[in-house]
Q: 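This structure is in structure tokens; I'll ask about it shortly.
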There are 2 protein chains.
Amino acid sequence: MTRTALTRDAILDSAAHLVKQHGPDALTMRKLAAELGTAVTSIYWHVGNRESLLDALVERTVADLGVIRPTGRTPAQRIASVARALRRQLREHPHLVAMVHERGLTERMFLPAQQALVHEVHAAGLRGTHAAEVVRAVQFQVVGFVLVERNRERAPVQQPAEEELWDTETAEDDPGLARALAGPVDQEKLFALSVRALVEALLAR
Amino acid sequence: MTRTALTRDAILDSAAHLVKQHGPDALTMRKLAAELGTAVTSIYWHVGNRESLLDALVERTVADLGVIRPTGRTPAQRIASVARALRRQLREHPHLVAMVHERGLTERMFLPAQQALVHEVHAAGLRGTHAAEVVRAVQFQVVGFVLVERNRERAPVQQPAEEELWDTETAEDDPGLARALAGPVDQEKLFALSVRALVEALLAR
DNA sequence: ACCTGAACACCGTTCAAGT
DNA sequence: ACCTGAACACCGTTCAAGT
């Protein structure tokens, strides 16, 4: 059975698959070669070395990110919709943010979202430095939230169990709060709440 | 010249030094042995293996984190002061958050800050689920911000230069905003602004 | 109890050699 | 033009052997 000819794109596809599942560290040239059914050194002919392979992978992924279309009626709603869309994009590529940052492509990657935000902030009547601050605050908020989320999801079982930590006087004083903090985080709800609060306050000043 | 006897603490000190400068990936058992002037295998006798060495390092670092003392008059001010203190702690140990997360110690690490936040949120008159949401929103906000900051600071020169990206119609329409977004981020200011906005809106509802 | 070097399996990368 | 295996320097880890 003749295998398909080894191409740069086939290598990138395979690499993307490995990275998406277990992160960039799990991408070894030898595993990649095994998955492709080729000799390790063949990969070098097509993509240079491991680092330029990752470079190419990041560049392709960033280029393939969909555009961001705001929805909603009020500026606050439309800004929140951009935040949600950005979060969804980032969650689909769990390791992309770190890889993009390491390669100095952060600004390029966020440009579509930033432009959408600028548009909505303008629609809300803001201009100049103030508008820029709002755009950046929302961007930091979304990216930060996704990074924390990702860490939490990768994390193993918490140790000690979260309940034990709140088995204190606070638990008696405010059992509802103790229960809420001991339980798991509803990230979806927390994200919506945080974005709404931030945008609301920033547009109001 | 007789070297000091090799101890578990000396190994942890040396490891902490390497990790603090270049991150956990830069900590190789062989480099560590070289810095300690000992054979690689001696380290194994004292700390087990690389993974348990990192475990011990993380545990020691978390235990040594200072307590968090809120300052300010109003609840909003005191919550913001906790956020600042937490950010300062995390910035002093740039790789700690990720390492703590990987080891399932997140909740334990944030417990002091969380308790301080709970106290202030109570002082602001909130209770139960609502109070818990505010605590978590602030915690996510701070940790997320620090993660983004760290990525930005590690990142190399942006490519393409940020100015080029904003050499568009927007630049003519609102040159103040284009200039602000093309320039570097004042992280200190952005952090203060974001925290103030979030806390303000969360306490107001 | 503490330290050592040899040895193993893994990794990225280079290079001369094949077709 | 494309692919290969051998070889090198690095890595974490084990183990038998030293004191």
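Atom set for the values below is all heavy atoms of this structure, side chains included, hydrogens, waters and symmetry mates excluded. Note on naming: letters A, B, ... go to the chains in the order of the sequence lines (proteins, then strands), and numbering restarts at 1 for each one.
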Q: Please compare B:I43 and A:G48 by the position of their nearest nucleotide in DNA chain C and report the one closer to 5'.
A: B:I43
Q: For B:L147, run the side chain to side chain contact (heavy atoms under 4.5 Å, CB included) check against A:V146, A:V143, A:V97, A:V148 and tell me which one passes.
A: A:V148
Q: Without decimals, in angstroms, what is the distance between A:W45 CH2 and C:dT19 P?
A: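 Nearest whole value for this atom pair: 19 Å.
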Q: Think B:R87 forms a cation-pi with B:F191, using NZ or CZ under 6.0 Å from the six-ring centre and within 45 degrees of its axis?
A: yes
Q: Does OP1 or OP2 of C:dC10 have a side-chain N or O of A:T28 closer than 4.0 Å?
A: no
Q: Looking only at the side chain of A:S42 (C-beta and beyond, no hydrogens), which of the listed nucleotides C:dC3, D:dT13, D:dT4 gets closest?
A: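 Closest of the options to the side chain of A:S42: D:dT4.
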Q: Specify the separation, in whole Å, of atom CZ of A:R8 and atom P of D:dC3.
A: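 The distance from CZ of A:R8 to P of D:dC3 comes to 14 Å, rounded to the nearest Å.
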Q: May I ask which nucleotide in the shown strands pairs with C:dG12, Watson-Crick or G-U wobble, both distances under 3.5 Å?
A: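 Paired with C:dG12, as far as the under-3.5 Å criterion goes, is D:dC8.
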Q: Among the nucleotides C:dT13, D:dT13, D:dT4, which one has an atom lying closest to any side-chain atom of B:R30?
A: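 Output: D:dT13.
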Q: Using the side-chain heavy atoms of A:N49, tell me which of these nucleotides is nearest: D:dT13, C:dT13, D:dT4.
A: C:dT13
Q: Between A:R50 and A:D55, is the closest basic N to carboxylate O distance under 4.0 Å?
A: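 No.
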Q: Taking CG from A:L36 and P from D:dC2, how many angstroms apart are they, rounded to a whole number?
A: 16 Å
Q: Starting from C1' on C:dC3, measure out to CD1 on B:I11 and report it in whole angstrom.
A: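 My rounded result for the distance is 12 Å.
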Q: To the nearest angstrom, how far is B:L6 atom CG from D:dT19 atom P?
A: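 Going from CG in B:L6 over to P in D:dT19 covers 20 Å.
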Q: Are A:H46 and D:dC3 close enough that a side-chain N or O sits under 4.0 Å from OP1 or OP2?
A: yes
Q: May I ask you to decide whether B:E107 forms a salt bridge with A:R152, counting only side-chain N to carboxylate O separations under 4.0 Å?
A: yes
Q: Nearest-Å distance, NZ (A:K31) to P (C:dC10)?
A: 11 Å
Q: For D:dA1, which nucleotide is its Watson-Crick or G-U wobble mate, given both distances must be under 3.5 Å?
A: C:dT19
Q: Please work out if A:L27 contacts a base, only the sugar-phosphate, or nothing of the nucleic acid, heavy-atom cut-off 4.0 Å.
A: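 Counting heavy atoms under 4.0 Å across all strands, the contact made by A:L27 is with sugar-phosphate only.
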Q: Do B:T41 and C:dG5 have a side chain to base donor-acceptor pair shorter than 3.5 Å?
A: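 In this structure, the two groups form a donor-acceptor pair.
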Q: Counting side-chain heavy atoms from C-beta on, which of C:dC3, C:dG12, D:dT13 comes nearest to B:Y44?
A: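 For B:Y44, the side-chain atoms sit closest to D:dT13.
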Q: How long is the line joining CE of B:M29 and P of D:dC10, in whole Å?
A: 18 Å
Q: Between P on C:dC10 and CZ on B:R50, what's the gap in Å once rounded to a whole number?
A: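 After rounding, the reported distance stands at 18 Å.
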Q: Pick one: which of A:N49, A:L27, A:V47 meets side chain to side chain contact (heavy atoms under 4.5 Å, CB included) with A:L54?
A: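 Exactly one option meets the side chain to side chain contact (heavy atoms under 4.5 Å, CB included) with A:L54, and it is A:L27.
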